[in-house]
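To start, the structure itself, in structure tokens.
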2 protein chains.
Amino acid sequence: MSISVLGYTMLGLLARGPHTGYDLVRLLRRPIGYYWTAQQSQIYPELGRLAQAGLVVFEAASGPGPREKKTYATTAEGRAALATWLPLPPGSHAPRDELMVKTFAVAAADADQMRALYLTMSREHAQRAEDFERQQAELDETGAHALDHPRFGNYATLRMGVAYERMRQEWCTWMAAQLTTPARRRQDPLDHELTVAKRRRS
Amino acid sequence: MSISVLGYTMLGLLARGPHTGYDLVRLLRRPIGYYWTAQQSQIYPELGRLAQAGLVVFEAASGPGPREKKTYATTAEGRAALATWLPLPPGSHAPRDELMVKTFAVAAADADQMRALYLTMSREHAQRAEDFERQQAELDETGAHALDHPRFGNYATLRMGVAYERMRQEWCTWMAAQLTTPARRRQDPLDHELTVAKRRRS
DNA sequence: CTAATCATGTAAGGCGTTACATGATTTT
DNA sequence: AAAATCATGTAACGCCTTACATGATTAG
């Protein structure tokens, strides 16, 4: 019974201090949610597994609603398991980049419509980059850029976020520019590809 | 019964020309595999669904092994469905960036070991960037940088690959540098965080 | 008095990975 | 003679999403 990445992610959050499952639902949205997300239907069972493995313990108290409120904290075993896992090279997870899938098949769609798509995406990335930069500036004021600051992890991941969004934005504007310039295709792009293919075959 | 992203990805590949399921297994590795992957156990059932939806048809011939070899091609409906889907804004898929999860919890591990991790990752990204650049140069020679070239899609996605790997490499070296400089933490980072947390609480 | 927030769980179904199963042809 | 390639499928299991279900407290 090995721990999933989600399990370690939650362990990492609990290593910063005790939390309820409900807390973790929120914490897994921002800022870690930019890199790994989970629904609460995944979180509660996973907390159970971590507890069964002895990596976390909980204190129950009467909470709102019909059930008890459980506050979870890491155990020494939990912190050890986390410290062992962290420096291990990440397993390669299947990439899921829908925009690149669409880009790969760009010739099969209308060029003007695709150009509009890349312009929209470019704007979205620019907006998120600005958002991240604002958050980074806020963190910076608290001194989070220092290695021994408790929020240095937040700072470092945000830095990646900014770099990623900027890079992506640039690529999208480049792509939109390609779809504008010089002589716009007038014939159906798919027909065109098929003609090319036929020519090669003969 | 709506088509999955994998279904459209496969439709996009078949729009370039007829292929067997076995062909698609290979095609879904390089270069699209950098952005969307699938195992053959997913591909064969998905082909069945696409055929049932009338988006592809196949011609059967006696092949090696006990079963018939089926060569699939898109139908007019298939090409229309693809052309409709492509310009739609991509649905947001759950991000899965294990390295960033680890970075977020970096304080809970040994700094030297984490530094080694980022240096390893940096080297890996550099290598992949070089690999992509080589592939890009090869494509460039065939004129794939032009919008109406049948492999422009390959060229554009590779361009993203290069930008991504370079960006990532830079971030990893920055991270490694942070873990080296100035006064290296000597105390247990987790104990440290807990002390800080206690101080704040009181 | 209504809506949001706090709080914990279950169920159904789709997506994805690993592994199993078969067998001809071609390359080493 | 052995290994790789071509070629198509199935089964089991885990991860993840969407939706359902309950109910107290607090804010508007």
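Sequence lines set the chain letters: A, B, ... in the order given, protein chains first and strands last, and positions in each chain run from 1. The figures here come from the full heavy-atom set of this structure, side chains too, leaving out hydrogens, waters and symmetry mates.
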Side-chain ion pair, R115(B) and D112(B), N-O less than 4.0 Å: no

To the nearest Å, give me how far apart [atom1] ([X]) and [atom2] ([N]) are.
| X | N | atom1 | atom2 | value |
| --- | --- | --- | --- | --- |
| Y22(B) | dA24(C) | OH | P | 16 Å |
| L28(B) | dA7(D) | CG | C1' | 16 Å |
| L24(A) | dT8(C) | CG | C1' | 13 Å |
| D23(A) | dT5(C) | CG | P | 15 Å |
| L47(B) | dT8(D) | CG | C1' | 11 Å |

Base versus backbone protein contacts along nucleotides 9-20 of chain D [heavy-atom cut-off under 4.0 Å; B, S, -]: BBB---SSBBB-

Aromatic plane relationship, W174(A) with Y155(B) - under 30° parallel, 30 to 60° tilted, over 60° perpendicular: tilted

Sole residue of E130(A), Q169(A), E165(A) in side chain to side chain donor-acceptor pair (under 3.5 Å) with H125(A): E165(A)

R16(B) charged N/C atom sitting above F104(A) aromatic ring, 6.0 Å / 45°: yes

Position toward the 5' end of DNA chain D (nearest nucleotide), P64(B) or P66(A): P64(B)

Derivation of the side chain to side chain contact (heavy atoms under 4.5 Å, CB included) call for F132(B) and Y34(B): CA-CA 11 Å; F132(B) 286 177; Y34(B) 304 140; 3.5 Å; yes

Any donor-acceptor N or O pair under 3.5 Å, side chains T9(B), Y35(B): no

